[in-house]
2 protein chains.
Amino acid sequence: MTARSDTVRGANAGRSRSHNRRVVLDKVRDAGKIGRAEIARATGLSTQAVSNIIAELVADGLLVEDGRRSAGRGLPALLYALNPKGGFALGVEIRPDALLISVLDLAGQELCALRETLDTTSPDWVCTRIRDLRDTALRSARVPAQKLLGAGVVLPGPFGTTGLSDSASELPEWQQLDVASWLAERLDLPVMVENDANAAAMAERVAGVARELHTYAYLYFGAGLGLGLVQDRRLMRGAFGNAGEIGHAMVPGPDGAVVLEHAVSRVAAQKHLARRGVHATTGGQLETLYREANPHLRQWLDRAAEPFSHAVAMIENLLDPQTIILGGAMPEGILDHLIDSVTLSEHSVSNRADRNVPRLLRGRSGPMTAARGAAALVINQRFTPQIPAGH
Amino acid sequence: MTARSDTVRGANAGRSRSHNRRVVLDKVRDAGKIGRAEIARATGLSTQAVSNIIAELVADGLLVEDGRRSAGRGLPALLYALNPKGGFALGVEIRPDALLISVLDLAGQELCALRETLDTTSPDWVCTRIRDLRDTALRSARVPAQKLLGAGVVLPGPFGTTGLSDSASELPEWQQLDVASWLAERLDLPVMVENDANAAAMAERVAGVARELHTYAYLYFGAGLGLGLVQDRRLMRGAFGNAGEIGHAMVPGPDGAVVLEHAVSRVAAQKHLARRGVHATTGGQLETLYREANPHLRQWLDRAAEPFSHAVAMIENLLDPQTIILGGAMPEGILDHLIDSVTLSEHSVSNRADRNVPRLLRGRSGPMTAARGAAALVINQRFTPQIPAGH
DNA sequence: TTGATAACTCAATCGACTTGAGTTTTTATG
DNA sequence: CATAAAAACTCAAGTCGATTGAGTTATCAA
């Protein structure tokens, strides 16, 4: 499914321009407002080049002029900012039981979120549903179709047939398909496909706690537990697109080694509760139980702390991220509780004096993170210089 | 020590050319011999552009013409190959007790390897020793100094003050220093600094089992256990250059959770043997014990298998590499034994039908891997297109 | 023998960045 | 308050490097 880059492409004038557009957009994005001269200094481009690129971006509607700023002597700089309405992205999350749609603007604001239950998951049927929901969403968000920059699609990983494939719960009919090009043709849009954790990581980068981070990990609570890895602004996907399958790692727990996601995940919590006669099928119910300080849930949290701490230590030492973000389909209170209850290893490369970000953060994107992240993939791509790869 | 990229640089004609030179070199390297037209097709450049670049590379001595190849009709292609003598790299490994030097040619062949015991490790003293050994090595390898492309330096990680810093065993005087620029000035060469595992990973890419791989992990047996991560030809260094500190991960073992490198590392084996009255301080002694089927060593290997298997599973599921390479200061027989004794989890993203590389490989670079890898960093850099970053 | 095919070269063109001179606006200074 | 320094920006020319298209050469197949 996920072809890997075996050859890197050469550069030419056109590809330089496209790279430089991204560089400029990225700089504007992270500065908020910024003048040409400052961009030129930061990027090593001449002010003239920046001027030309900005003129183009303004003409395309991606940037807008936004005031002046005087910094001491000299002509005050004309500032530019992102035009949130300059482009939009469609996010699609396909689950075995439901279809979720999100529309984001360039600034990462969610303009519309839709959800629909799926009875069948055949690609053709799902595709017609996506098209319907897309149209509904665009109407409600008042977004003209031609301003859609692309679509991101989240499918349950892992991709390809691997030892983790567990076809019962997943989307067997989709595994054989080159989803990106299949959907691109039918939606008439560029399409990017990712797993939930990677998408969620991008949601936080585009409009969440990771806005100013370039290297971080995102622990995604879905059915199981996934990890999205961002290194230097780009997703680390591994050789086959399946990096981050942390849920199956064995970690030490209170009663010996356990599979991480058997100890720390929403399903794990629900099973723990069910065995004690407490049934919580929705996130809302879990949240209520947490607020009511349900003793069984507390017990589960207490038992989850140790394996969770080991997972955090493992991620820190293997990946040396700026921070680890927690999010996904788990009530915020519970995520915060996990963060508070973790034993942060002193024996970690992340235990450093000069850090300016907490070692753990809770994400902001809430339960629709994956669909939102799917759209964020598209937006992030516009802002992140790529090494052009593959054919 | 390791400044991180906060801004990506813009492209211009000159930087495009430098990118394209790397792209062409990389293609020649992995094809062995190749003609202009094929490079053009593979990279998306015009044949004319490839011609110009090749002319430049030939003039610089990096490529040589190497025969013709006829593929059916049409003019047979003039083939080009790397000129191994077109450039050389110096590799330096600085350990608390010794200094190791390696000189590689462009093809990754080692022309000279030197080792010297260090009594003191003050930067000034070490620097003079490096200069001396460099001169000796260049003389013995008959390499003119002006053909040195740069120097790679391996220092014991982790970099910066972290929870893993264990200053007793390391090089405290070096921690405060910006080693790369400090040495660059004194050696009058571009200098790159990495930890041992990352360097070792590059050694295998430049002239070992990873020649044709782009995404893999390297488990490095030094004093402890480190992990070098290569994703899409580039080292994954984490936010602070300390990614891959796997040795401190807690993994399940035969008697409960253990620190991985307490179970699987050269020091672990030596301690195990010492407790049983067998003293093996050198790699050679370990190798002899292994060949003699020493029961204590066998017992250690048996006990190491489980934690090692967990580590492998963890790496596979977190990073989805093409393969995991084992190497470093551990006798080959023992590495092979570990590879044979590992229980490869079926429950892994690496368990896939379409793989064409074994899940585990032993590296080829032997005990001087890190110094050799240091030099390989320089060579790899010439071949690997970079996203230009930072100021 | 002849034509198709492929690799390669030459010369012209083009796109995008850089350079340097000049304009405008603001602030600091005497 | 006048003036000079400083900074942002624009204009026009120059340069670098890739592309394009026509032309040459060598090989193979019919």
Side-chain angles (χ1 to χ4, degrees), chain A residues 8-25 27-28 31 33-60 63-81 385 388, chain B residues 8-25 27-28 31 33-60 63-81 385 388:
Chain A
V8 178
R9 289 187 70 193
N12 57 21
R15 300 204 265 262
S16 283
R17 171 53 71 99
S18 125
H19 172 89
N20 288 345
R21 280 174 61 119
R22 287 188 239 246
V23 169
V24 169
L25 275 173
K27 192 70 201 165
V28 172
K33 291 180 177 190
I34 191 170
R36 297 156 158 81
E38 194 180 340
I39 297 176
R41 280 188 300 266
T43 57
L45 291 168
S46 62
T47 53
Q48 186 57 59
V50 173
S51 267
N52 296 340
I53 291 164
I54 284 191
E56 204 178 275
L57 293 171
V58 169
D60 289 353
L63 290 186
V64 286
E65 212 183 292
D66 188 10
R68 285 180 172 273
R69 175 159 52 213
S70 166
R73 253 177 216 185
L75 184 66
L78 251 174
L79 302 178
Y80 289 85
Chain B
V8 179
R9 289 187 68 193
N12 58 22
R15 298 204 268 261
S16 282
R17 169 55 69 98
S18 123
H19 173 87
N20 288 346
R21 280 174 62 119
R22 286 187 239 247
V23 168
V24 169
L25 277 173
K27 193 69 199 164
V28 173
K33 291 180 176 190
I34 191 171
R36 297 155 157 83
E38 193 181 340
I39 297 176
R41 282 188 300 266
T43 57
L45 290 168
S46 61
T47 52
Q48 186 56 58
V50 173
S51 266
N52 297 341
I53 291 164
I54 284 191
E56 205 178 276
L57 292 172
V58 168
D60 290 354
L63 290 186
V64 285
E65 212 183 294
D66 187 9
R68 288 179 170 274
R69 176 159 50 214
S70 165
R73 256 177 214 182
L75 184 65
L78 251 174
L79 301 179
Y80 289 85

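Here is how names work: the chains are called A, B, and so on, in the same order as the sequence lines, proteins then strands, and each is numbered from 1.
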Less than 3.5 Å apart, any donor N or O on the side chain of A:Glu56 or A:Asn52 sitting next to an acceptor on the other? no
Please report the closest heavy-atom contact between [X] and [Y], naming both atoms and the distance.
X	Y	answer
B:Val28	B:Tyr80	CG1-O, 3.9 Å
B:Ala37	B:Thr47	CA-CG2, 4.0 Å
A:Arg15	A:Gly10	NE-O, 2.7 Å

Rounded off to whole Å, could you give me the [atom1]-to-[atom2] distance for the [X] and [N] pair?
X	N	atom1	atom2	result
B:Arg21	D:dA18	CZ	P	11 Å
B:Ile53	C:dC8	CD1	P	14 Å
B:Leu78	C:dC8	CG	P	6 Å
B:Arg17	D:dT19	CZ	P	11 Å
A:Arg36	D:dC11	CZ	P	10 Å
B:Glu56	D:dA18	CD	C1'	13 Å
B:Glu38	C:dT5	CD	P	20 Å
B:Arg73	C:dC8	CZ	P	18 Å

So what does [X] hit on the nucleic acid, given a heavy-atom distance under 4.0 Å: a base, only sugar-phosphate, or nothing?
X	value
A:Ala77	sugar-phosphate
B:Ala11	sugar-phosphate
A:Asn20	sugar-phosphate
B:Ala37	sugar-phosphate
B:Ser70	sugar-phosphate

State which of C:dC8, D:dC16, D:dT19 makes the closest approach to the side chain of A:Asn12. D:dT19
Tell whether A:Gln48 reaches the base of D:dC11 with its side chain through a donor-acceptor pair below 3.5 angstrom. yes
Residue pair B:Gly14/B:Thr47 against DNA chain D: nearer the 5' end by closest nucleotide is B:Gly14
